[in-house]
Amino acid sequence: MRTTKRATRTGIGTTGTTGARLLTTLAFLFTLFATATPPAQASPSSPDTQAAYLAEQLRTDPVYVTDQLPRESPKSTTPAFATLAKRTGVPTYVLVLPGEAAAGEALLGTVHDRLGEDGLYVLIDDSSVTDATAYGVTAPADDAVTVAQYELPFDAGPLRSFERFVDVITEGGEKAAARAKAAREKYDADGEPADMYIGPSDRDNQSFLTGMAITGVPLAMLLLIPYVRRWWRRRPGAPVSPNKPRTHRRWHRRLLPAAALATAAALAATAPHVFDQTTSSASPRPRAIDLNARLDRVAEGLSQDPIYQDPESPRALNKTRLAQLRSRIARFESSTGGGPVFMALVPQLYEDESGSDEDYFAYAVHDKLGKDGVYIVADPLDGYIHTFTYGLDLDSYGPFYDLPESVTYGDEKSDQADDHLLGERLTTLMTALDKTERTDTTDTTDTPTAPDPDDAYPFTDPITEDDLNPLFYGDFWPGLIIGALAAGALFALVAAALGIARKSLLRRNPEPLQASDLPTKSPAMPTTAYLRDTARAELQSMARDFGTGEKADTRARNRYDATRLLAQQGENVDGLPPSTLTAVIILARATRAALAGDDSTLCCGVNPLHGPAKTSRHVRTSSVESRRRMLPVCEVCLDDPHEIPARLLKLPPNGRPYYEDELLSEAPKGFTKLARKVREAAHVP
């Protein structure tokens, strides 16, 4: 009985143990299957969150450069970022992401938790370092970010910004803090640093300025230099020096044109070195692989799943919504006249390969995928939805093509939601697609064509969009014309200014009157100031005409010598009495007339300042006396003898007739006798 009972217990115990083991084994297999299945669904290539995806990328390579910014930070710049990251001296993890997709320090913290590695985590957008946090290592991350943002202008570019960040990290805490403080103070005082690069409009201005300089400066030289030099030599009151023989005159005439031509050549050669910018951005030229990286990624994802969510961006569709949309897509594809639907939830950025042009992006993805259907481009960052069809016969007037703006662009409610309610709006879009009628046409030979880049704003060629035009291009040619006009305008302004200056100088240094103007413009009762200024001007003109005296005859020399005796061997006429000043004027004019070949020997006896006399007449010199005097008279006095008493020269200050002066009494007798009287008074034989 004991044995039986023991056997029974053993049998029961064995059976129970075997059942327990079986249950344990089944539970283990079930658990293993349950735990093994999710990782298969959420493979490293498609983690369930943005942070998980980025952590997986950093696990493979500590520097991750997005493929969504080829125009600013091409993926091919990864080695350059990696080289800089090694200089920090601590484990450094770098994320280069679109600024709109990155949540700054919060994202870095989540990525660090997912990755589980201590180090310096740096977040960079399309322009600069935006955030950095040190986990488990010592590094002045905040100060380095401050310096990178405050010391560099906005257009310095992400690579240069990261380089400045690394430089500050290597300086250590104290130096980094001091540098950050100085950078912040300088920014507060002076504002943002000047841009490092110029834009297309700046290059147009440079081309225009270069054209103006190349024509304007040489033409201004040719116009202004001779004019100013001539004005300076002939300005009223200019000192007179004897004329020197003009040697090498032809060489001097060619010097200025040669200098102007050399100036133009120098400006043309120097301008490209002064305006040496060739690009308007710090971004390197993207390669073909950079421009195709994201398109290939999206096309590959859509080839496996009709819905592709960008793993670098926050997820907009949860698993439930994904399942619903996949079901709707499958139902439309299996319906009569339906077809494939491809949803790409991918940001559309100005820095991406398509230049934020959804039409071009959809066309490129369709071209790579090689499948016709409905292509829906939904931006998870701004919430915009755009739809395109290739090869499907859908009624263009149906609900699918007449979606409300609340579906395509969102409304106030969707703007306030983190996911922009993309799930609900895409479901509404699928409902409109189901309701859209199919057309009867069976012609499926139409081949979609690429969008016209000229009509696809803001799409531009990503390879050449940052290239500046050559300096000698575009506005350079109008600048040549404007430069010539500017030289003419400058000449006119200078001429006007010098004209005003000449009038001012003439008030102090009157210009000698021409022979034809002497009788009508010489005053009958001049002031001492007038006689002094006129004498000075006549002396200057006489010295200029006389020169070295090589062409002067005896008569001109005698008059010249007498004039210089009166003027005290120079031009210092200050302090001379009115009668002497008058004699200086008479003899200086007589000298100039002799040098010009005039054989006149007498001056007008009514007013010697009238110049040479034409003949002699008995004339009345007083309006109250009837007595007449035989005097030489000029043509004007001869034609109107009744005005002679009024024209009689009277000397200041008391207005006595000039012929009552001992020296001037010889004037009506001729220039020779007047000159002899001057020499006698000076005791010169």
Side-chain angles (χ1 to χ4, degrees), residues 510-528 530-531 533-535 537-539 541-542 545 553-556 558-560 562-563 566 578-652 654-678:
E511 202 172 40
L513 296 175
Q514 299 297 323
S516 58
D517 296 331
L518 292 178
T520 57
K521 294 187 177 180
S522 296
M525 297 183 65
T527 63
T528 302
Y530 172 83
L531 292 174
D533 294 340
T534 304
E538 292 292 351
L539 283 172
S541 298
M542 180 191 70
D545 293 347
D553 56 13
T554 303
R555 181 181 52 173
N558 291 335
R559 297 176 182 179
Y560 177 80
T563 307
L566 287 174
S579 59
T580 304
L581 292 172
T582 304
V584 168
I585 296 172
I586 296 171
L587 288 175
R589 289 174 176 174
T591 304
R592 293 173 56 199
L595 291 171
D598 189 348
D599 57 357
S600 301
T601 59
L602 299 174
C603 63
C604 180
V606 178
N607 187 341
L609 298 180
H610 285 182
K614 185 176 182 181
T615 186
S616 296
R617 288 285 191 275
H618 282 91
V619 295
R620 292 176 58 190
T621 59
S622 174
S623 58
V624 296
E625 296 182 1
S626 59
R627 188 166 65 96
R628 294 176 180 268
R629 297 172 60 93
M630 176 63 75
L631 293 175
V633 292
C634 63
E635 186 175 358
V636 173
C637 294
L638 181 64
D639 292 341
D640 194 2
H642 299 289
E643 295 294 330
I644 288 178
R647 292 175 179 166
L648 184 68
L649 176 62
K650 302 174 182 63
L651 298 177
N654 52 14
R656 66 188 179 115
Y658 79 93
Y659 50 74
E660 295 181 2
D661 181 81
E662 181 180 1
L663 177 62
L664 292 180
S665 63
E666 298 295 321
K669 301 175 183 179
F671 301 125
T672 302
K673 291 186 177 182
L674 178 60
R676 186 181 299 118
K677 185 68 174 179
V678 170

*Asks:* Give the minimum heavy-atom separation between Ala675 and Ala562, together with the two atoms involved.
*Replies:* CB-CB, 3.7 Å
*Asks:* Any side-chain heavy-atom pair from Val606 and Arg647 closer than 4.5 angstrom?
*Replies:* yes
*Asks:* Look at the side chain of Thr534 and the backbone N and O of Leu531, then say whether any donor-acceptor pair between them is shorter than 3.5 Å.
*Replies:* no
*Asks:* Please answer whether the main-chain N or O of Leu609 pairs with a side-chain N or O of Ser522 as donor and acceptor at a distance below 3.5 Å.
*Replies:* yes
*Asks:* Inspect the contact between Asp661 and Arg656 and indicate whether a charged nitrogen and a carboxylate oxygen are less than 4.0 angstrom apart.
*Replies:* yes
*Asks:* So which atom in Cys603 and which in Ile586 form the shortest heavy-atom distance, rounded to 0.1 Å?
*Replies:* SG-CG2, 4.3 Å
*Asks:* Between Leu631 and Pro668, what is the shortest heavy-atom contact and its length?
*Replies:* CD2-CB, 4.2 Å
*Asks:* Quick one: does Glu538's side chain get under 4.5 Å of Val584's, heavy atoms only?
*Replies:* no
*Asks:* Is the backbone of Leu649 close enough, under 3.5 Å, to the side chain of Tyr659 for a donor and an acceptor to pair up by distance?
*Replies:* no
*Asks:* How close do Val633 and Cys604 get, counting heavy atoms only, and between which atoms?
*Replies:* CA-SG, 4.0 Å
*Asks:* Check Glu662 with Lys677, please: is the shortest side-chain N to carboxylate O separation under 4.0 Å?
*Replies:* yes
*Asks:* Looking at every heavy atom in both Pro657 and Leu648, which two are closest together, and how far apart are they?
*Replies:* CB-CD2, 4.2 Å
*Asks:* Closest heavy-atom contact between Pro652 and Thr527?
*Replies:* CG-C, 4.1 Å
*Asks:* For residues Pro641 and Arg617, determine if any side-chain heavy atom of one lies less than 4.5 Å from a side-chain heavy atom of the other.
*Replies:* no
*Asks:* A side-chain contact here means heavy atoms from C-beta on lying under 4.5 Å apart; do Asn558 and Thr672 qualify?
*Replies:* no
*Asks:* Would you check if Leu674 and Leu587 make a side-chain contact, meaning some heavy-atom pair closer than 4.5 Å?
*Replies:* yes
*Asks:* Taking the side chain as C-beta and beyond, is there a heavy-atom pair between Met542 and Thr563 under 4.5 Å?
*Replies:* yes
*Asks:* Does any part of the side chain of Glu643, heavy atoms only, come nearer than 4.5 Å to the side chain of Val636, both counted from C-beta?
*Replies:* no
*Asks:* Could you tell me whether the side chain of Pro612 reaches within less than 4.5 Å of the side chain of Asp598, counting heavy atoms only?
*Replies:* yes
*Asks:* Would you say NZ of Lys673 has more than 12 non-hydrogen atoms from neighbouring residues, nucleotides or ligands within 6.0 angstrom?
*Replies:* no
